[in-house]
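These values consider heavy atoms only, across backbone and side chains, with no hydrogens, waters or symmetry-generated copies.
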Number of protein chains: 2
Amino acid sequence: MSARKLPVNKFPKQGRATFRLPFTTVDVVIFSVLEDALCILLVRRPSGDAEPYPGKWALPGGFVNVDVDITLEACATRKLAEKTGVSTSYLEQLGSWGGADRDPRGWSATHVYFALIPAEHIQLERGANAADVSWFDVDKFVNETDLAFDHSSILATAVERLRSKVEYTSLPAFLVPEPFSLPQLQRVYEIVLGRSIDKSGFRTRMLAADFLVEDVYLDGTSNRPAMGYRLRDRSMPVLFPRNLGR
Amino acid sequence: MSARKLPVNKFPKQGRATFRLPFTTVDVVIFSVLEDALCILLVRRPSGDAEPYPGKWALPGGFVNVDVDITLEACATRKLAEKTGVSTSYLEQLGSWGGADRDPRGWSATHVYFALIPAEHIQLERGANAADVSWFDVDKFVNETDLAFDHSSILATAVERLRSKVEYTSLPAFLVPEPFSLPQLQRVYEIVLGRSIDKSGFRTRMLAADFLVEDVYLDGTSNRPAMGYRLRDRSMPVLFPRNLGR
DNA sequence: TGCCCTAGTTGCGCTGTGCAACTTATAATT
DNA sequence: AATTATAAGTTGCACAGCGCAACTAGGGCA
């Protein structure tokens with residue numbers, strides 16, 4: 001949202017029938033796995049006197065456009081596509097943050113979604129200011145980067161939620177391009193969780209959950225060819241009856 | 001929110017620096033267990049020509065008041081207290097619903113929380129129109145009652161979320177007044193889930209999770225006195241490593 | 001005192017997991 | 001062509017938690 005189009009939350013007095021409205025925004029926490037690391041996409045805030053947090057890194061997002069966005073989720077999908085070119089991905093609502101102080105321009109509430117996309121599908125925004133969109137390693141760079149608004153806190157919540165759900169869901173399957181082998185999937189689990197997992201237990205667990213369908217053998221990626229799998233249903237993750245152990 | 005104070009989402013044209021803002025509301029799904037049934041609190045929409053869904057039952061909630069509410073959660077707490085007199089309870093964000101069509105007055109987004117309160121703490125709103133606030137048995141009446149706005153859908157999501165989390169958390173402990181016995185707690189689990197649970201497994205599970213502290217023996221509630229427990233930490237539920245079994 | 005009811009315990013089999021050793025299939029090397 | 005290295009995938013075993021069912025413990029009530 002550039003400086004040319006600043007919203008105003010003051011109303012004309014109109015009888016006794018008016019009051020001020022908060023700003024409504026949508027932000028997206030976009031996760032992917034790049035080079036064996038869990039990463040998120042950040043964008044740089046525009047510079048300018050009227051801009052809040054100019055030059056700071058922030059979650060991609062912005063004001064809901066009531067003339068374009070039919071729903072909040074459609075708005076999130078639009079913002080995801082604008083930054084990554086990815087149109088289909090796993091998208092889940094993370095929650096909402098709202099209050100008087102989180103945006104210097106006034107009372108605002110943001111609806112936050114988080115997306116999981118396979119690295120291979122990404123076509124980062126090109127052109128004018130491509131340098132202002134970048135991937136950040138969650139473990140290496142995120143803690144030492146303070147983001148605009150309350151986005152540091154939102155991001156922390158998102159990472160916490162992702163890690164917690166990975167313990168008992170098939171979510172990491174949305175981070176790896178199909179078809180994938182079980183060892184590849186296991187590696188993603190390990191990267192997200194930051195710890196190693198037992199191989200045989202992992203295999204039985206995944207196959208018992210019955211959310212994978214066999215595809216083609218994957219040659220050339222390692223020594224012995226591995227069975228390639230696809231998701232039976234890309235619209236929803238599977239819930240396991242137990243957490244991962246150890 | 002009565003008809004005397006209707007918000008307007010039209011802005012004065014002011015250079016090229018304005019656009020319309022969505023309405024921002026907060027709704028609360030208030031759960032309790034009354035007479036061995038999982039219930040939620042609903043309020044009746046006011047009647048009047050300018051009112052949407054006049055006379056229909058709806059979730060308690062309304063517009064965020066930027067002059068009063070510091071945060072969304074504070075707003076939810078306020079609305080909970082206004083309807084029930086309960087000031088402390090378990091309160092969790094459920095999610096947000098927003099779009100062009102969910103409110104006939106215009107583009108709106110609601111931030112929904114859900115609260116768990118013990119029946120004994122409740123002092124329903126008295127006075128003027130107490131008949132317009134009422135408890136509904138989730139299983140008996142809710143499916144056949146169609147609520148205002150998209151509240152039926154929101155409520156369904158809330159029930160689903162509660163039931164799903166009860167499988168692996170100590171959430172039902174927030175629905176029963178302290179001190180409580182393990183059989184009492186188990187009964188609440190069974191009421192929420194709608195199925196019976198094995199006694200011995202339940203006990204080991206609860207005690208192993210180490211979130212209960214022994215209080216006083218509860219005499220007179222049944223034949224044999226039962227150990228009474230309190231929560232070690234009322235601020236957070238405990239997560240179990242496994243779901244409840246069949 | 002004897003019966004009933006509810007609280008709480010005990011024993012046993014099953015299942016899924018952690019751990020570690022093993023087999024199988026290919027690529028790279030000699 | 002045989003050998004070695006490496007990753008995929010399997011097997012066996014001990015252990016922990018749960019479902020199931022029978023049991024003991026403690027108090028009310030006739």
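- Between D/dG17 and B/Arg205, no contact under 4.0 Å exists linking OP1 or OP2 to a side-chain N or O.
- Not one side-chain nitrogen or oxygen of B/Arg224 sits closer than 4.0 Å to the OP1 or OP2 atom of D/dG28.
- A/Phe202 places its CZ atom 12 Å from the P atom of D/dA8, with the value rounded to the nearest Å.
- Distances were taken from every side-chain heavy atom of A/Arg242 (C-beta onward) to each of C/dT17, D/dG9, C/dA7; the shortest belongs to C/dT17.
- Taking the nucleotide of DNA chain D with the nearest heavy atom to each of B/Gly245 and A/Leu207, the more 5' of the two is matched to A/Leu207.
- One can place CE of B/Met206 at 16 Å from P of C/dA7, the figure rounded to the nearest angstrom.
- Between the side chain of A/Asn223 and the base of D/dT6, at least one donor-acceptor pair of N or O atoms lies under 3.5 Å.
- The side chain of B/Arg203 contributes an N or O atom lying less than 4.0 Å from OP1 or OP2 of C/dG8.
- Closest contact between the side chain of A/Lys199 and the listed nucleotides D/dA8, C/dT9, C/dT17 involves D/dA8.
- At whole-Å resolution of the value, OH in B/Tyr189 and P in D/dC18 are 12 Å apart.
- With A/Arg205 contributing its side chain and A/Arg242 its backbone, the two residues share a donor-acceptor pair below 3.5 Å.
- Rounded to an integer number of Å, the gap from CG of B/Leu218 to C1' of D/dG27 is 14 Å.
- When the nucleotides C/dA7, C/dT17, D/dG9 are ranked by their closest atom to the side chain of A/Met227, D/dG9 comes out on top.
- Within the 4.0 angstrom heavy-atom criterion, only backbone atoms of the sugar-phosphate kind lie near B/Pro225; the bases stay farther away.
- Paired with A/Val64 under the rule side chain to side chain contact (heavy atoms under 4.5 Å, CB included), one option of A/Thr71, A/Leu72, A/Thr25, A/Thr110 passes, and it is A/Leu72.
- What separates CZ of B/Phe180 from P of C/dA7 is a distance of 14 Å, to the nearest Å.
- Side-chain rings of A/Phe149 and A/Trp97 stay apart, their centers remaining 6.0 Å or farther from each other.
- Between the CZ atom of B/Arg195 and the C1' atom of D/dC18 there is a distance of 13 Å, rounded to whole Å.
- The CG atom of B/Asn243 sits 16 Å away from the C1' atom of C/dT17 (whole-angstrom rounding).
- Under the 3.5 Å distance criterion, the side-chain polar atoms of A/Arg232 are matched with a main-chain donor or acceptor of A/Asp210.
- Here B/Thr169 contributes atom OG1 and B/Phe211 contributes atom CZ; the two are 9.0 Å apart, rounded to the nearest 0.5 Å.
- The base of D/dC20 is paired with the side chain of B/Ser200 by a donor and an acceptor separated by under 3.5 Å.
- Computed from coordinates, the B/Tyr217 OH to D/dA25 P distance equals 14 Å when rounded to whole Å.
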